[in-house]
There are 2 protein chains.
Amino acid sequence: MKNYSRQREEIIKVVKDSYNHPTAEEIYMIVKAKDPAVSRSTVYRNLGLLVESNLIKQISMKVGPDRYDYMRKNHNHAVCTKCGKIFDFEYSFEYDELQKSIKEQTGIEISNDGIVFEGICDSCKN
Amino acid sequence: MKNYSRQREEIIKVVKDSYNHPTAEEIYMIVKAKDPAVSRSTVYRNLGLLVESNLIKQISMKVGPDRYDYMRKNHNHAVCTKCGKIFDFEYSFEYDELQKSIKEQTGIEISNDGIVFEGICDSCKN
DNA sequence: CTTGAAAATAGGAATAATTCCTATTTTCGG
DNA sequence: CCGAAAATAGGAATTATTCCTATTTTCAAG
């Protein structure tokens, strides 16, 4: 993340403009449409860097490849453990006490977006 | 999950006796020590079935293979997104309102153990 | 401007984890 | 017992991701 590259800029733009939690492959295809020479490694490497610097969020699921989400306002993710679909929702918590308790018991410091909610979605209940 | 098989029984036993969130491979190796003819597919298939029937919990992480945990009392998981280590902790929430809100907004019904907490652990802060 | 070192890239091979396939064996209700 | 359904072993295949190497690009200092 030290030097400028148009590939990285384009990758950021694509994730930012996507509101459906795209996979690395999907991002790759969209970027490729504009810049046919881009390579998968570049996409994967940059996604990793962007996650590390907290610009985007990576969501691992039980089914299918990881998904990426641009960091906006305060929204959380609910994941269906059956089909892997991701739903956004808004909710403001009283984290303080919980965070402190987790920190004490495990040493892990969680952030507001560090909570993933898992369950079964409507259409998978059949 | 209709007919009895000693392979499945052994797999359950191994997960139940493990308190360190073993991977499928680790479970396979332990079962294999007792029953050298067991195959990986059997382990994977049964873990899937057991997760489905809520006897064990599957934990996907950003790094490394999935891990499995026998369902005991009320404990939650905090995952380090850097090294993938999983920590158990205890905390009782007031879920009702939160659950209702998620249900309304996304259609997803989460259970008490359907919340994964992510952050950075102590030793990864260096 | 040049230049040179660090950063980034393309392209594809390699790896890791998991799923899938097929033939065989086991279970268990009637 | 017997037969259908369930489960299995063994390994091939697939999928997602990481790794490798040679080349290109960026950018700060002279």
Side-chain angles (χ1 to χ4, degrees), chain A residues 1-15 21-53 55-69 79 81-86, chain B residues 1-15 21-53 55-69 79 81-86:
Chain A
M1 296 285 286
K2 264 190 169 166
N3 287 358
Y4 170 89
S5 91
R6 72 177 184 296
Q7 290 95 331
R8 176 176 303 150
E9 188 179 64
E10 186 60 24
I11 290 167
I12 295 176
K13 195 157 133 10
V14 166
V15 180
H21 318 94
T23 63
E25 182 67 17
E26 285 162 356
I27 294 163
Y28 167 67
M29 292 309 275
I30 298 174
V31 174
K32 197 184 176 70
K34 277 211 171 170
D35 177 0
V38 77
S39 83
R40 269 193 192 78
S41 357
T42 297
V43 173
Y44 273 102
R45 182 165 26 74
N46 277 297
L47 288 175
L49 290 170
L50 294 167
V51 166
E52 197 137 305
S53 50
L55 221 115
I56 66 178
K57 184 163 166 55
Q58 180 178 19
I59 310 162
S60 303
M61 296 170 316
K62 306 229 175 316
V63 56
D66 285 5
R67 293 178 170 276
Y68 297 88
D69 192 35
V79 181
T81 56
K82 201 94 180 175
C83 66
K85 203 179 280 177
I86 300 172
Chain B
M1 298 283 287
K2 265 190 167 164
N3 286 359
Y4 171 89
S5 89
R6 73 178 183 295
Q7 290 95 329
R8 176 175 303 149
E9 187 179 65
E10 185 61 23
I11 290 166
I12 297 176
K13 194 157 137 6
V14 166
V15 181
H21 318 95
T23 63
E25 182 67 17
E26 286 164 354
I27 294 163
Y28 167 66
M29 292 309 277
I30 298 174
V31 174
K32 197 183 174 71
K34 274 210 171 167
D35 177 359
V38 78
S39 83
R40 273 193 188 76
S41 358
T42 297
V43 172
Y44 274 101
R45 181 167 26 74
N46 276 298
L47 287 175
L49 290 169
L50 294 168
V51 167
E52 197 137 303
S53 50
L55 220 115
I56 65 178
K57 184 163 169 55
Q58 179 178 20
I59 310 164
S60 303
M61 297 168 316
K62 307 230 174 312
V63 57
D66 286 4
R67 293 178 171 276
Y68 297 88
D69 193 35
V79 181
T81 55
K82 201 96 180 174
C83 67
K85 204 179 280 178
I86 301 171

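Chain naming here is simple, since letters A, B, ... match the order of the sequence lines and numbering starts at 1 in each. These numbers come from the heavy atoms of this one structure, side chains and all, not from hydrogens, waters or symmetry mates.
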Please check the phosphate of [N] (OP1 and OP2 only) for any side-chain N or O of [X] closer than 4.0 Å.
X       : N      : value
A/Lys2  : C/dA7  : yes
B/Ser5  : D/dT8  : yes
A/Gln7  : D/dT25 : no
B/Arg40 : D/dG10 : no

Exercise for the section: Taking all heavy atoms of B/Met61 and all of A/Ser60, pick out the closest pair and write down the distance. Expected result: O-OG, 3.6 Å

Fill in the blank from the handout: Note: B/Met1 and B/Arg8 closest approach over all heavy atoms is CA-NH1, 3.3 Å

Practice task
Going by the side-chain contact (heavy atoms from CB on, under 4.5 Å) test, name the single residue among B/Asp66, B/Thr23, B/Ile56 that passes it with B/Leu47.
Solution key: B/Ile56

Among [options], which nucleotide has an atom closest to any side-chain atom of [X]?
X       : options                : result
A/Asn46 : D/dA6, C/dT9, D/dT17   : C/dT9
B/Tyr4  : C/dT9, C/dT27, D/dT8   : C/dT27
A/Val38 : C/dA17, C/dA10, D/dA9  : C/dA10
B/Ala24 : D/dT17, C/dT27, C/dT18 : C/dT18
A/Asn3  : C/dT27, D/dG11, D/dC27 : D/dC27

Separation of [N] [atom2] from [X] [atom1] (nearest whole Å):
X       : N      : atom1 : atom2 : value
A/Glu9  : C/dT9  : CD    : P     : 12 Å
A/Leu47 : D/dT17 : CG    : P     : 10 Å
B/Ile12 : D/dA7  : CD1   : P     : 12 Å
A/Glu10 : C/dA8  : CD    : C1'   : 16 Å
B/Arg67 : C/dT18 : CZ    : P     : 10 Å
B/Lys32 : D/dT8  : NZ    : C1'   : 14 Å
B/Glu52 : D/dA7  : CD    : P     : 12 Å
B/Lys62 : D/dT17 : NZ    : P     : 11 Å

Completion exercise
d(B/Ile27 CD1, B/Ile11 CD1) to nearest 0.5 Å is 8.0 Å

Fill in the blank from the handout: The reported gap from NZ in B/Lys34 to CD in B/Gln7 (rounded to nearest 0.5 angstrom) is 13.5 Å

Exercise for the section: Take A/Glu10 and A/Lys32 through the test salt bridge (charged side-chain N to carboxylate O under 4.0 Å, His left out) and record every step on the way to the result. Expected result: CA-CA 10 Å; A/Glu10 186 60 24; A/Lys32 197 184 176 70; over 6 Å; no

Problem - Exam field: side chain A/Asp35 to backbone A/Val31, donor-acceptor pair closer than 3.5 Å - result: no

Handout entry: Backbone N/O of B/Lys85 and side chain of B/Arg67: donor-acceptor pair under 3.5 Å
Key = no

Problem - Residue whose nearest DNA chain C nucleotide is more 5′ - B/Thr23 or B/Arg6 - result: B/Thr23

Exercise for the section: Could you check A/Arg45 against B/Ser41 and say which one's nearest nucleotide on DNA chain C is further toward the 5' end? Expected result: A/Arg45

Exercise for the section: Under 4.0 Å between any heavy atoms, over every strand shown, what does A/Glu25 touch: base, sugar-phosphate, or nothing? Just pick one. Expected result: nothing

Practice task
Could you tell me whether B/Tyr44 contacts a base, only the sugar-phosphate backbone, or nothing, with contacts defined as non-hydrogen atoms closer than 4.0 Å?
Solution key: base

Practice task
Using five base pairs at each end, measure the axis-to-axis angle across the helix from C/dC1-D/dG30 to C/dG30-D/dC1 and round it to 10 degrees.
Solution key: 30°

